[in-house]
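In what follows, every heavy atom counts, from backbone to side chain, and hydrogens, waters and symmetry copies are set aside.
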Amino acid sequence: MEHCIIGVIILSELTQEMNLDPLSMGFSRQEYWSGALPDPGIEPESPVSPALQVDYSRPSAKHRKIATSFRDTSLKDILVLACSLLKEILAKPLNLQDQDQQNLVMQVLKLVLNCLNFDFIGSSADESADDLCTVQIPTTWRAIFLEPETLDLFFNLYHSLPPLLSQLALSCLVQFASTRRSLFSSPERAKYLGNLIKGVKRILENPQGLSDPGNYHEFCRFLARLKTNYQLGELVMVKEYPEVIRLIANFTITSLQHWEFAPNSVHYLLTLWQRMVASVPFVKSTEPHLLDTYAPEITKAFITSRLESVAVVVRDNLDDPLDDTTTVFQQLEQLCTVSRCEYEKTCTLLVQLFDQNAQNYQKLLHSASRVTVDMAIQEGRLAWLVYLVGTVVGGRLTYTSTDEHDAMDGELSCRVFQLISLMDTGLPQCSNEKIELAILWFLDQFRKTYVGDQLQRTSKVVRLRSDVSRVPEKAWKVVKVYARMSEVLGITDDNHVLETFMTKIVTNLKYWGRCEPVISRTLQFLNDLSVGYILLKKLVKIDAVKFMLKNHTSEHFPFLGISGSYSLSDFRCRTAFYTALTRLLMVDLGEDEDEFENFMLPLTVSFETVLQIFNNNFKQEDVKRMLIGLARDLRGIAFALNTKTSYTMLFDWMYPTYLPILQRAIEQWYGEPACTTPILKLMAELMQNRSQRLNFDVSSPNGILLFREASKMICTYGTQILSLGSLSKDQIYPMKLKGISICYSALKSALCGNYVSFGVFKLYGDNHFDNVLQAFVKMLLSVSHSDLLQYRKLSQSYYPLLECLTQDHMSFITSLDPPVLLYVLTSISEGLTALDTVVSSSCCTSLDYIVTYLFKHIAKEGKKSLRCREATQAGQRLLHFMQQNPEVLQQMMSVLMNTIVFEDCRNQWSVSRPLLGLILLNEKYFGELRAGLINSQPLPKQEVLAQCFRNLMEGVEQNLSVKNRDRFTQNLSVFRRDMAEALRSDGSTEPLDMMS
């Protein structure tokens with residue numbers, strides 16, 4: 001038995017290794033193309049068995065070819081062997097006390113699971129999207145899956161084995177349930193589904209094993225996969241469906257009632273019911289689906305269990321599920337669809353529970369001797385009820401609704417709006433964060449359902465309930481929700497709702513300044529409201545909005561203050577606040593400079609205060625905090641100003657008085673990212689020519705003045721940050737690389753913005769442009785190549801900036817010292833293989849500009865004239881460098897050819913553009929690559945490959961005209977397809993690498 005176990009382990013490890021792709025383990029192409037093992041300090045995203053010796057130097061496509069060959073020749077036999085071993089084990093009496101036998105069963109089940117988890121089509125499925133997974137079983141495996149004994153084997157193993165092993169059997173069944181539909185014909189699929197349903201019924205009729213958390217979780221996944229891969233119309237046709245759906249409903253209700261047990265598994269149960277209910281309108285079968293019977297019970301169980309959990313959480317001091325908002329929101333979004341099935345029952349239950357709990361809460365508020373615990377319990381229940389009301393109202397968008405349903409939404413919404421009024425009148429003495437967050441959830445759901453821009457045309461004013469009959473039929477649905485609200489609250493239409501929204505927002509900003517979750521959620525809600533133009537036109541007429549526009553100071557909104565009681569991270573919400581506020585201002589601003597000055601008055605006062613005390617040591621900390629807040633405020637304002645007129649007003653307000661203050665702040669606090677990051681982000685935002693807002697008048701020097709200020713700031717930051725010296729691994733990004741990435745982003749926006757004529761600087765002896773380019777180089781040389789690709793924000797700012805420089809400023813590139821130029825070209829070479837297509841495409845474009853520049857220089861070399869002497873010298877420098885370092889372009893040609901022939905090339909057009917220039921400049925090396933690939937193949941394939949290469953250059957001329965490039969790009973597409981067919985391995989040929 002020991003030898004058998006060892007053999008199974010070897011097969012299991014081999015299967016797993018074949019299924020492992022270094023890319024899926026979190027390593028970049030550059031890391032494993034270099035042949036080096038990953039940095040010991042960086043853990044892979046997926047755990048890898050230490051027994052596996054994965055060849056990290058093997059490119060992804062090569063690995064895929066090996067895995068495909070393994071799949072076609074060996075994997076099926078391994079699965080058949082594993083199943084036969086399990087049948088033999090099950091045929092004999094199981095001795096669960098025998099450790100060797102347990103170990104054998106475990107290893108064989110792991111082997112089966114590895115076979116079923118195999119990436120059959122090279123899709124590298126994301127395991128985080130577990131509920132969307134389909135197992136692409138090869139067609140040659142049909143016979144195994146069509147045998148009823150196969151499924152029966154694993155269901156029997158589940159019932160026969162202890163929990164640790166039965167969990168693995170269930171994991172295998174999850175994969176069996178996820179088998180692609182196209183593997184079977186319709187009758188075969190129905191039979192296969194019937195066997196799965198029988199197994200589910202058997203498990204639910206004997207639920208003892210589900211008390212184990214592992215078994216429970218896998219069974220929930222199993223149920224979810226059933227609906228993912230089979231339609232409701234197919235499920236209802238199964239003979240056992242009525243009994244099974246009853247058992248699943250009871251199982252779900254029991255699971256929801258035990259809310260503290262395996263909360264992560266509930267996600268799969270709710271997924272099952274959500275998809276079942278969502279499918280009801282599309283079922284054509286006459287067989288009853290019974291969801292109208294069980295879905296309301298599921299909803300009721302969720303509601304009652306959550307309310308009952310509050311008392312346990314409060315009294316036993318347990319972790320409150322409401323604190324995990326991510327899980328709560330996910331479950332509520334799943335529940336919203338289920339809750340709209342037989343909505344009358346759900347609505348009646350919620351009305352009853354809400355009225356009961358609201359009355360109890362009011363009694364406690366007016367009680368002289370109220371108990372803290374009782375109040376906490378009541379507040380927790382109300383929070384859950386508000387969340388649930390918001391959920392069912394939001395469910396209108398996911399399920400077919402009737403006029404009566406809209407009226408029910410109004411009935412429920414009425415109660416929440418009454419609670420809002422009650423809570424706000426008790427501020428600040430009576431306040432509860434959880435209820436406030438729940439209210440904001442409800443308001444957002446109501447906004448999406450009944451106040452969105454798309455509903456404006458159908459929203460009519462209804463003064464009295466009797467008027468409803470006279471409303472046009474088109475407007476009926478939206479009006480029905482306001483019928484009850486009009487009677488109770490006087491809210492007759494969406495205009496009144498918007499007033500309620502804005503009053504609530506202002507109240508929260510006034511009284512919840514010290515509660516970051518409430519403030520940030522409130523500002524997100526305000527931001528969402530301020531996006532639609534129709535809503536903006538209505539919002540600016542509301543008194544609460546007018547108040548905000550004229551009184552955005554810390555006196556009225558404490559979160560705008562700078563006291564030490566606020567964390568610097570809390571200042572981030574100020575950007576969202578001023579973005580929304582400026583959108584509201586822009587509605588009627590036009591060219592009214594006085595109105596803009598009045599709006600900016602609080603910020604003017606703050607800047608003037610900074611000016612007075614900046615040079616003194618008095619309250620330097622306060623000055624820093626004030627500047628951080630101002631930078632975040634101004635960034636929000638700048639983001640919302642998308643017209644030339646409004647942006648010009650802001651620039652005139654800032655320059656020349658206030659921008660130098662930010663410059664001094666960078667000089668003084670360069671080592672404090674909490675201060676420098678907001679200021680640099682503000683400058684990067686100011687440099688963005690969004691909607692052509694920076695296209696100043698021809699007589700205006702503002703574009704050049706803005707660039708000069710940005711240049712000073714980038715140069716100052718670059719000089720100061722490099723003085724920090726070497727930094728630890730955990731400090732290098734926040735202290736240095738993040739700021740550098742923002743500087744690069746700002747510089748890229750300036751270079752590509754088309755609002756500065758950079759030739760003017762040299763013409764008039766202005767060195768700001770040269771200085772900022774030198775700062776770019778100094779900062780770049782302080783960053784390692786690995787860091788350039790490891791930190792996504794840095795790579796996504798550096799490579800597009802380099803693309804701009806190679807496009808319009810090749811004279812700067814050619815003037816770089818040879819070591820610097822080599823560094824830049826090496827970074828391009830490494831970026832060509834990046835997984836991020838933004839990075840790889842930018843590298844291809846940059847390389848194309850460099851190669852094109854070099855090719856044109858060589859073509860013009862014999863046509864020297866005084867008029868182009870300077871350009872000729874620049875081209876000569878670049879040509880001399882390439883002659884001294886021929887391997888640079890050769891390496892990049894190898895990379896691009898390898899990508900085209902062997903890799904999953906996602907940006908083929910971008911790759912084709914520089915490749916033609918490289919071939920024309922290095923025809924000899926291209927011939928060597930071609931010969932190396934052809935000669936490495938068997939003789940029958942060599943002529944086919946040679947013809948592929950001849951077709952690649954057919955009709956391609958010795959120039960880089962647009963027409964010639966397009967012809968090469970078309971040829972390359974055909975070349976890639978033909979090469980893939982020619983190199984398709986039959987298992988006898990070892991995969992190749994053009995880079996070797």
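More than 12 heavy atoms of other residues, nucleotides or ligands sit less than 6.0 Å from atom NE2 of H785.
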*Show the numbers, then the answer: is there a side chain to side chain contact (heavy atoms under 4.5 Å, CB included) between T833 and S840?*
CA-CA 6 Å; T833 58; S840 58; over 6 Å; no

*Applying side-chain hydrogen bond (donor to acceptor under 3.5 Å, both in side chains), run through N695 and Q692 and close with a yes or a no.*
CA-CA 6 Å; N695 287 3; Q692 304 300 306; 2.7 Å; yes

*Verdict with reasoning, Y798 to F776, per side chain to side chain contact (heavy atoms under 4.5 Å, CB included)*: CA-CA 10 Å; Y798 164 68; F776 155 74; 4.0 Å; yes

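Taking the ring axis of F571 as reference, the NZ or CZ atom of R574 stays within 45° of it and closer than 6.0 Å to the ring centre.
Here F769 and H809 bring their ring centres to under 6.0 angstrom of each other. Within the 6.0 Å centre-distance limit, the rings of F761 and F707 are counted as a close aromatic pair.
At a threshold of 4.0 Å, the pair D787-K736 does not count as salt-bridged, since none of the basic side-chain nitrogens sits closer than that to a carboxylate oxygen. Using a 4.0 Å cut-off between a side-chain N of Lys or Arg and a carboxylate O of Asp or Glu, E685 and R632 do not qualify as a salt bridge. Taking a cutoff of 4.0 Å between a charged side-chain nitrogen and a carboxylate oxygen, R913 and D966 qualify as a salt bridge.
For Y799 (side chain) and S827 (main-chain N/O), a donor-acceptor pair under 3.5 Å exists by modelled atom type.
Contact check for L686 versus L682: side-chain heavy atoms found under the 4.5 Å cut-off.
Contact detail for I721 and M735: the closest heavy-atom pair is CD1-O, 3.1 Å.
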